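Okay, so here's the structure we're looking at.
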Amino acid sequence: MRKETAKKIFGILFILGAALSFALMNLFVNLSGELPLMQKVFFRNFFATIIVFFTLLFSKQKFRIHDKSCIPWLFLRAGIGYLGVILNFYAIDHIGSISDASILNKLSPFFAILFSVFLMKEKPTIPEMIFVLIAFAGAMLVVNPRFDMKIIPAISGFLSGACAGFAYTCVRVLGKKGERNDMIIFFFSAFSTLVSLPFMIIYYKPMTGMQWLYMVLAGLSAAGGQFFITAAYKQAPAKEIAVFDYAQVLFAAILGLLFLNQVPKTLSIIGYVVIIGAAVGNFIYRLEKSKREARKKELSQKINTKSG
């Protein structure tokens with residue numbers, strides 16, 4: 001029991017590390033200033049590609065894909081995830097608050113519930129759907145719907161959450177097929193880097209020393225975030241620790257205030273509370289549900305043992 005508790009604690013610490021890393025990535029992307037979007041996307045993925053490349057190079061299985069049936073899912077995860085990064089970076093640059101961009105991107109678990117219906121044939125329960133609706137209501141407070149061009153970055157942030165939710169569902173499918181996390185990360189990072197490269201070359205804008213520094217830090221933060229989150233889910237199941245990923249919103253709000261003088265609007269803060277509240281509610285519900293299922297299974301085994 002102590003071992004399980006220790007692993008859960010490490011899992012929470014790792015996922016908090018991922019949350020801080022991705023919040024720092026958002027900060028550095030914003031601080032890099034007016035650079036072409038695809039130039040920022042390229043550097044976000046380039047460093048992760050290099051790091052995972054050498055990780056796989058010195059691993060036993062190297063670059064072997066577990067099964068041919070994984071290939072379409074790897075491309076689907078990479079393509080939709082890549083689109084999500086583009087939408088998220090656009091939101092970070094234009095939405096006016098990196099914490100707003102972070103919370104909209106963190107709608108991904110709720111979108112994952114919806115996409116799991118189509119991709120994994122899972123049937124969400126009524127409480128899960130209620131939490132999804134509550135989260136989307138909170139998103140509307142952050143988006144603050146209005147009929148002008150200012151709504152586009154908010155919609156971009158919302159759609160980035162949808163893409164991330166789809167991508168995470170693909171990761172679940174790949175996990176069930178036995179594909180390695182490192183290979184999933186490498187495929188996504190390499191795909192995103194290669195697709196971004198032509199656009200980066202065509203629209204390349206010379207960078208100052210500070211912009212180079214911010215881009216390198218953004219790439220390293222993104223890579224660190226991916227490794228932290230992979231390490232977290234190796235320590236404990238997602239259903240037990242995923243809710244702590246919402247600390248990214250708090251980290252982003254603090255960093256935005258300290259370095260960008262960004263103060264979230266009152267309506268946005270209410271939206272944060274609603275979305276995080278829905279996430280906590282869904283977390284508690286799933287935890288209790290898994291405990292009930294475990295007790296039911298244990299009782300069933302005892303009955304079978306006695307009858308045998």
Side-chain angles (χ1 to χ4, degrees), residues 17-51 80-108 142 150 152-164 167 185 188-189 191-193 195-197 199-201 203-229 245-264 268:
L20 178 58
S21 296
F22 285 125
L24 284 168
M25 179 197 75
N26 288 357
L27 172 67
F28 294 134
V29 167
N30 190 286
L31 285 172
S32 65
E34 295 182 4
L35 293 174
L37 177 62
M38 300 307 287
Q39 191 167 328
K40 292 183 178 184
V41 172
F42 172 83
F43 282 104
R44 181 255 185 259
N45 293 289
F46 175 73
F47 293 101
T49 304
I50 298 299
I51 293 169
I80 300 299
Y82 175 63
L83 177 60
V85 171
I86 294 172
L87 291 168
N88 184 38
F89 275 30
Y90 181 84
I92 291 168
D93 278 342
H94 298 91
I95 205 169
S97 169
I98 59 173
S99 54
D100 279 12
S102 294
I103 195 66
L104 291 173
N105 187 255
K106 287 302 170 190
L107 289 170
S108 54
V142 178
K150 291 182 180 179
I152 292 176
I155 291 174
S156 180
F158 183 82
L159 292 176
S160 77
C163 289
I185 294 172
F188 163 67
S189 301
F191 175 93
S192 301
T193 301
V195 174
S196 301
L197 182 59
F199 296 99
M200 201 271 288
I201 293 171
Y203 299 105
Y204 180 78
K205 182 179 178 181
M207 296 188 288
T208 65
M210 286 306 296
Q211 285 177 318
W212 269 106
L213 177 62
Y214 289 139
M215 281 290 89
V216 170
L217 290 173
L220 293 176
S221 298
Q226 288 188 327
F227 277 99
F228 270 128
I229 209 159
D245 194 27
Y246 283 85
Q248 180 183 333
V249 182
L250 175 62
F251 292 142
I254 293 170
L255 292 171
L257 181 63
L258 292 176
F259 296 98
L260 302 170
N261 294 319
Q262 293 178 348
V263 180
S268 290

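Predicted, not measured: the structure shown is a model, and the values here were computed from it.
Between Ile98 and Gln262 the shortest side-chain heavy-atom distance falls below 4.5 Å. Inter-residue side-chain proximity for Phe89 and Arg44 is flagged as met; some heavy-atom pair is nearer than 4.5 Å. Within the 4.5 Å cutoff, the side chain of Asp93 has no heavy atoms near those of the Glu34 side chain. Side-chain contact check for Leu159 versus Leu83: every heavy-atom pair is 4.5 Å or farther apart. In this structure, the side chains of Asn30 and Leu260 come closer than 4.5 Å at one or more pairs of heavy atoms. Between Phe251 and Asn26 there is no side-chain heavy-atom pair separated by less than 4.5 Å. Contact of the Met207 side chain with the Gln39 side chain is registered, since non-hydrogen atoms from C-beta on lie closer than 4.5 Å.
The structure places CD1 of Ile185 at 5.5 Å from CZ of Phe227, a figure rounded to the nearest 0.5 Å. Between Leu35 atom CG and Met215 atom CE the span is 6.0 Å, to the nearest 0.5 Å. The distance from the CG atom of Leu250 to the CG atom of Leu20 is 10.5 Å, given to the nearest 0.5 Å. Atom-to-atom distance recorded for Ile50:CD1 and Leu220:CG is 11.5 Å, nearest 0.5 angstrom. Here Cys163 contributes atom SG and Ile80 contributes atom CD1; the two are 6.0 Å apart, rounded to the nearest 0.5 Å. We find the CZ-CG distance between Phe22 and Asn88 to be 10.0 Å, quoted to the nearest 0.5 Å.
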Legend entry - Verdict with supporting geometry, Leu197 and Met38, side-chain contact (heavy atoms from CB on, under 4.5 Å): CA-CA 8 Å; Leu197 182 59; Met38 300 307 287; over 6 Å; no
Inset, instruction - Apply side-chain contact (heavy atoms from CB on, under 4.5 Å) to Leu104 and Val142, showing your working. - result: CA-CA 8 Å; Leu104 291 173; Val142 178; 4.1 Å; yes
Legend entry - Pair Ile51-Phe46, side-chain contact (heavy atoms from CB on, under 4.5 Å): steps then yes or no: CA-CA 9 Å; Ile51 293 169; Phe46 175 73; over 6 Å; no
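A donor-acceptor pair is defined here as one N or O able to donate and one able to accept, closer than 3.5 Å; such a pair exists between the side chain of Ser156 and the backbone of Leu87. Remark: side-chain polar atoms of Gln226 are not paired, donor with acceptor, to backbone N or O of Ala48 under 3.5 angstrom. Judged by distance alone, the side chain of Lys40 and the main-chain N or O of Ala218 form no donor-acceptor pair under 3.5 Å. A side-chain donor-acceptor contact under 3.5 Å links Gln211 to the backbone of Ser32. Side-chain N or O atoms of Ser268 include none that pairs as donor or acceptor with a backbone N or O of Pro264 at under 3.5 Å.
Between Ser160 and Gly84 the shortest heavy-atom distance is CB-O, 3.5 Å. Heavy atoms only, all atoms of each residue included: Gly81 and Ala167 are closest at CA-CB, 4.1 Å. The heavy-atom pair separating Pro153 from Ala91 by the smallest distance is O-CB, 3.6 Å. Across Ala101 and Ile92, no two heavy atoms sit closer than the pair CB-CG1, 3.9 Å. Counting all heavy atoms, side chain and backbone alike, Ile229 lies closest to Ala18 at N-CB, 3.8 Å. Between Ser99 and Ala252 the shortest heavy-atom distance is CA-CB, 3.8 Å.
Qualifying ring pair (Phe, Tyr, Trp, His ring centres under 6.0 Å) partners for Phe43, counting only residues two or more places apart in sequence or in other chains: Trp212.
Around the OH atom of Tyr204, the shell of radius 6.0 Å holds more than 12 heavy atoms that belong to other residues, nucleotides or ligands.
Residues Lys106 and Gln248 have side chains that bring a donor and an acceptor to within less than 3.5 angstrom of each other. Between the side chains of Ser196 and Asn45, no donor-acceptor pair of N or O atoms lies under 3.5 Å. Inspection of the Thr49 and Thr193 side chains reveals an N or O donor paired with an N or O acceptor under 3.5 Å.
Tyr214 and Phe28 have parallel rings, their planes meeting at less than 30° on a 0 to 90° scale where 60° marks the start of perpendicular.
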